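In what follows, a single structure is set out as structure tokens and then discussed.
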2 protein chains.
Amino acid sequence: MNPFDAPRQTELAAAAQVCDRCGSRVAGLCQPLDSAALDEISSEAQQMTMPAHAAVFREGDPAGRIFTLVDGFAKLTRLLPDGKQQVVGFRFAGDVIGYTTLPTYPFDAELLTESRLCRLDRGQLDALLRRYPTLERRMLDLCVQELTATQEQLVTVGRRSAEARVAAFLLSLVEASRRRNRPCSVLEMPMTRSDIADFLGLTLETVSRSLTAFRKRGWIREPVHHRVELVNFAALSALAEGTDD
Amino acid sequence: MNPFDAPRQTELAAAAQVCDRCGSRVAGLCQPLDSAALDEISSEAQQMTMPAHAAVFREGDPAGRIFTLVDGFAKLTRLLPDGKQQVVGFRFAGDVIGYTTLPTYPFDAELLTESRLCRLDRGQLDALLRRYPTLERRMLDLCVQELTATQEQLVTVGRRSAEARVAAFLLSLVEASRRRNRPCSVLEMPMTRSDIADFLGLTLETVSRSLTAFRKRGWIREPVHHRVELVNFAALSALAEGTDD
DNA sequence: CGATTACTTGAGCGAGGTCAACGACGGTGG
DNA sequence: CCACCGTCGTTGACCTCGCTCAAGTAATCG
């Protein structure tokens with residue numbers, strides 16, 4: 001059932017193999033490496049499990065480690081001086097967290113669920129980068145993808161109505177699920193209304209009202225807590241694109 | 001007067017030297033190269049001048065070239081299906097435009113003023129990257145900085161009031177000017193109210209009203225069109241941070 | 001099973017959007 | 001040199017979307 005059960009391998013190697021298997025464009029740091037390289041990384045990397053709501057790192061911490069989220073969900077947040085927070089992104093199984101060339105992390109990384117992580121120290125990473133130059137190119141690819149996603153989010157927050165933002169968010173969950181190659185009729189949505197609001201530049205009440213509206217229109221279902229099913233994908237897309245009116 | 005007058009060098013080399021001179025953290029692609037490498041790039045790169053409002057490239061164009069903005073101002077924009085546009089960033093002299101590992105550019109790049117650009121084909125760039133590995137690291141640095149700036153912009157658009165956004169924008173102009181090592185009492189602001197609004201997720205009327213309010217409070221002056229002087233920096237900072245009330 | 005946190009729903013209000021009119025500026029052609 | 005026009009900026013009046021405040025319900029966890 002769980003694809004991460006191979007007992008002989010570290011989680012990072014397992015994650016990379018999962019990536020290979022699903023042929024994903026995006027997931028995983030080590031996708032381009034051969035098994036010899038994976039073995040080497042396996043011997044270097046620390047695997048660990050952390051509980052829900054744990055902080056992987058905080059904004060301002062020295063950026064000495066890089067993580068792969070093997071299993072679970074995380075949010076990346078920035079804090080305003082007045083205490084309000086902005087979620088700059090969510091992370092899913094297979095995603096890399098905390099890579100930066102800056103001296104300190106520019107945001108908090110906090111887990112939404114109990115998660116399995118694979119940890120690599122900066123020194124180890126730099127050594128690997130030297131040994132496997134394709135990895136450096138991979139880092140750049142990941143950074144460009146992240147940048148493009150953040151720009152898209154900027155468009156959503158800056159120019160779309162409240163319901164359009166929530167619709168766009170739901171669609172991005174589908175995309176993330178597709179990336180992980182999971183059957184996507186019912187999506188996991190472990191983030192709270194407040195998390196979603198802080199991601200979309202809305203209040204939690206507005207997010208709640210939007211989701212209720214979608215439910216009443218029969219566009220979505222929420223069979224259990226923290227699960228959504230998108231029933232009318234087309235309607236949500238039209239709303240997100242502004243192609244409805 | 002103009003620091004770009006050295007007649008024997010290509011613009012790119014000149015730009016790099018300017019970067020060296022000002023010791024900037026951010027500006028310029030070729031900062032880490034020695035003069036031999038600069039000479040080599042000089043022989044490769046195409047210099048060009050383009051008029052105001054020209055498109056350097058459009059969203060969806062094959063991403064076959066990379067540009068350095070030697071002199072002038074540009075905006076990077078994304079278009080929504082319904083025609084609304086979001087400015088995802090402004091670019092200033094010394095900045096690199098259009099580097100991506102994606103097959104096509106993910107946004108439009110449009111000049112705000114007549115500008116001098118330095119153009120490098122993807123093939124040439126890749127060859128340079130192979131010859132000067134430090135350049136690859138530099139590209140990653142630039143990407144990380146851009147990502148961090150975009151996340152900051154996301155916080156501004158998602159969580160700040162209209163006036164706080166405009167204040168934050170003005171402060172970012174100071175920062176950009178500082179980066180270019182220009183005396184910053186009076187800033188160049190070649191973007192229209194509409195450009196600023198599309199950057200901040202506001203309407204042009206709201207931007208105009210905010211600037212008028214700042215002027216009436218004596219916080220800024222606009223001696224001529226497309227120039228601002230920040231008179232009360234502290235007040236603007238407090239407003240941007242939300243530390244005023 | 002009580003306490004806490006998450007979610008929903010309602011009522012009222014205000015920041016900012018919309019629509020409209022007007023003035024300033026800069027280029028263009030007579 | 002001036003009349004004309006298009007773009008840009010300002011200001012006002014009005015209205016709406018989403019925020020705020022508040023109360024109540026549902027889920028979760030010791």
Side-chain angles (χ1 to χ4, degrees), chain A residues 51-53 75 80 82-87 110 112-114 156-169 189-217 220-228 239 242 244-245, chain B residues 51-53 75 80 82-86 110 112-114 156-167 169 189-217 220-228 239 242 244-245:
Chain A
H53 311 119
K75 63 174 176 182
L80 275 166
D82 61 2
K84 283 179 283 191
Q85 81 169 1
Q86 174 75 35
V87 172
E110 206 168 290
L112 299 174
T113 60
E114 186 184 51
T156 296
V157 171
R159 284 279 163 255
R160 293 201 233 254
S161 70
E163 284 198 356
R165 293 185 213 185
V166 177
F169 166 72
M189 188 171 67
M191 45 294 274
T192 66
R193 306 299 194 229
S194 179
D195 290 332
I196 301 170
D198 287 341
F199 183 53
L200 298 174
L202 298 171
T203 60
L204 66 93
E205 292 94 333
T206 300
V207 171
S208 179
R209 276 186 251 271
S210 298
L211 289 173
T212 302
F214 294 167
R215 227 182 298 118
K216 286 188 174 158
R217 288 172 215 160
I220 64 170
R221 244 170 294 178
E222 294 187 277
V224 291
H225 211 48
H226 291 206
R227 294 270 149 100
V228 240
L239 180 54
D244 53 326
D245 43 38
Chain B
H53 311 118
K75 63 173 176 182
L80 275 166
D82 60 4
K84 283 180 283 190
Q85 82 170 0
Q86 174 76 34
E110 205 168 290
L112 298 174
T113 60
E114 185 184 52
T156 297
V157 171
R159 283 281 163 256
R160 292 203 233 253
S161 70
E163 284 198 357
R165 292 184 214 186
V166 177
F169 166 72
M189 189 171 68
M191 45 293 277
T192 67
R193 304 302 193 227
S194 180
D195 291 333
I196 301 170
D198 287 341
F199 184 53
L200 298 174
L202 298 170
T203 60
L204 67 93
E205 292 94 333
T206 300
V207 171
S208 179
R209 277 187 249 271
S210 298
L211 288 173
T212 302
F214 294 167
R215 227 182 297 119
K216 285 188 175 160
R217 289 172 214 159
I220 64 169
R221 245 169 293 177
E222 293 187 277
V224 291
H225 211 49
H226 291 194
R227 294 269 147 102
V228 239
L239 180 53
D244 53 324
D245 43 39

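All figures in this text were calculated on a predicted structure; none of them were measured in a lab. Order of the sequence lines sets the chain letters (A, B, ...), proteins ahead of strands, with each chain counted from 1.
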Expected output: side-chain [X] to main-chain [Y] donor-acceptor under 3.5 Å:
X       : Y       : value
T212(A) : S208(A) : yes
Q86(A)  : D198(A) : yes
R165(A) : R160(A) : yes
R159(B) : Q85(A)  : yes
K75(B)  : M191(B) : no

Would you tabulate the pairs of protein nitrogen or oxygen atoms and nucleotide nitrogen or oxygen atoms of nucleotides 12-14 of chain D closer than 3.5 angstrom?
from    : atom 1 : to      : atom 2 : distance (Å)
dG12(D) : N7     : R209(B) : NH1    : 3.0
dG12(D) : O6     : R209(B) : NH2    : 3.3

*asked:* A side-chain contact here means heavy atoms from C-beta on lying under 4.5 Å apart; do M189(B) and F169(B) qualify?
replied: yes
*asked:* With a 4.5 Å cut-off on side-chain heavy atoms, are L211(A) and R193(A) touching?
replied: yes
Find the distance [X]:[atom1] to [N]:[atom2] and express it as a whole number of Å.
X       : N       : atom1 : atom2 : answer
I220(B) : dT10(D) : CD1   : C1'   : 13 Å
F214(A) : dT8(C)  : CZ    : P     : 13 Å
L112(B) : dT7(D)  : CG    : C1'   : 15 Å
E163(A) : dT16(D) : CD    : P     : 17 Å

*Quick one: is R165(A) getting a side-chain N or O under 4.0 Å of the dG18(D) phosphate, OP1 or OP2?*
no
*H226(A) side chain N/O closer than 4.0 Å to the phosphate oxygens (OP1, OP2) of dC7(C)?*
yes
*Verdict with supporting geometry, L200(B) and T206(B), side chain to side chain contact (heavy atoms under 4.5 Å, CB included)*: CA-CA 10 Å; L200(B) 298 174; T206(B) 300; over 6 Å; no
*Specify the residues of residues 189-204 of chain B, ordered by number, for which at least one heavy atom lies under 4.0 angstrom from an atom of DNA chain C.*
G201(B), L202(B), T203(B)
_What's the closest nucleotide to the side chain of S161(A) if the choices are dT11(D), dG18(D), dT8(C)?_
dG18(D)
*Nearest-neighbour nucleotide for the H225(A) side chain, dA27(D), dT10(D), dG16(C) considered*: dA27(D)
_Neighbour count >12 (heavy atoms, 6.0 Å) for atom CZ, R221(A)_ = no
*Would you kindly compare R159(A) and L211(A) by the position of their nearest DNA chain C nucleotide and give the one closer to the 5′ end?*
L211(A)
